[in-house]
Amino acid sequence: MDSSHQSKLDKLKDMKGADFTKQYRSLQVSAHKDAVSLFERYAKGGDNEKLKSWAAKTLPDLKHHLDMGQNLEKQTATN
């Protein structure tokens with residue numbers, strides 16, 4: 001695990017309750033944004049046709065998961 005990811009994990013280990021939930025949801029949204037970006041780029045310009053096709057096929061699910069995470073973040077912010 002690289003230092004950035006280890007730092008995020010260490011931070012979560014020290015949290016509890018609502019603080020943990022808020023931070024965890026934020027990290028999930030960030031990770032899904034990164035994944036969507038990666039899959040979009042590869043689906044458009046990847047060099048392996050099978051992987052490119054898989055990325056394009058998987059992208060709607062990733063976007064849906066991102067939307068769900070963003071909705072959870074909004075719920076956390078209003079509670």
Side-chain angles (χ1 to χ4, degrees):
M1 185 177 305
D2 64 29
S3 62
S4 173
H5 288 96
Q6 185 63 53
S7 173
K8 291 173 185 176
L9 182 60
D10 290 343
K11 188 174 181 180
L12 283 174
K13 286 180 182 178
D14 295 332
M15 295 181 156
K16 297 199 181 341
D19 290 335
F20 175 88
T21 300
K22 183 178 180 179
Q23 183 64 27
Y24 181 80
R25 288 177 179 176
S26 176
L27 290 170
Q28 287 300 303
V29 167
S30 177
H32 278 80
K33 284 179 180 177
D34 291 346
V36 166
S37 176
L38 175 67
F39 276 61
E40 283 176 335
R41 288 192 317 268
Y42 202 89
K44 290 177 185 172
D47 57 357
N48 178 306
E49 286 303 317
K50 286 185 180 180
L51 188 55
K52 191 174 171 179
S53 175
W54 178 79
K57 188 170 88 174
T58 305
L59 193 52
D61 290 331
L62 286 173
K63 287 181 177 181
H64 178 67
H65 290 169
L66 174 57
D67 288 341
M68 289 189 309
Q70 288 172 324
N71 287 335
L72 284 173
E73 266 192 323
K74 288 177 189 172
Q75 289 175 5
T76 301
T78 60
N79 291 339

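Just so we're clear, the structure is a prediction, and the values are computed from it rather than from any experiment.
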Query raised in the report: Closest approach of Leu66 and Val29, non-hydrogen atoms and distance?
Result: CD1-O, 3.7 Å
Report task. For the residue pair Trp54 and Phe39, categorise the inter-ring angle as parallel (less than 30°), tilted (30 to 60°) or perpendicular (more than 60°). Result -> tilted
Report task. Could you verify whether a donor N or O on one side chain and an acceptor N or O on the other, from Gln75 and Asn71, lie under 3.5 Å apart? Result -> no
**Report entry** Student check: side-chain heavy atoms of Met1 and Lys8 closer than 4.5 Å
**Finding:** no
Requested in this report: Identify whether Phe20 and Leu9 are in the same connected component of the hydrophobic contact network (ILVMFWY, side-chain heavy atoms under 4.5 Å).
Outcome: no
Requested in this report: Identify the two heavy atoms, one from Ala56 and one from Pro60, that lie closest to each other, and give their separation to 0.1 Å.
Outcome: O-CD, 3.4 Å
Query raised in the report: In Å, rounded to the nearest 0.5 Å, how long is the span from NZ of Lys74 to CZ of Arg25?
Result: 13.5 Å
Query raised in the report: Short question: side chain of Thr21, backbone of Gly17 - any donor-acceptor pair under 3.5 Å?
Result: yes
Query raised in the report: Can you tell me if Arg41 and Ser37 form a side-chain donor-acceptor pair at under 3.5 Å?
Result: yes
Query raised in the report: How many angstroms lie between CE in Met15 and CD in Gln23, if you round to the nearest 0.5 Å?
Result: 4.5 Å
Report task. Could you tell me the separation between the CD atom of Gln28 and the CG atom of Leu72, rounded to the nearest 0.5 Å? Result -> 10.0 Å
Query raised in the report: Do Leu62 and Met68 share a hydrophobic cluster (ILVMFWY, side-chain heavy atoms under 4.5 Å, transitive)?
Result: no
Requested in this report: May I ask you to check whether over 12 heavy atoms, not counting those of Tyr42, lie within 6.0 Å of atom OH?
Outcome: yes
Query raised in the report: Would you say Lys22 has more than 12 foreign heavy atoms packed within less than 6.0 Å of its NZ?
Result: no
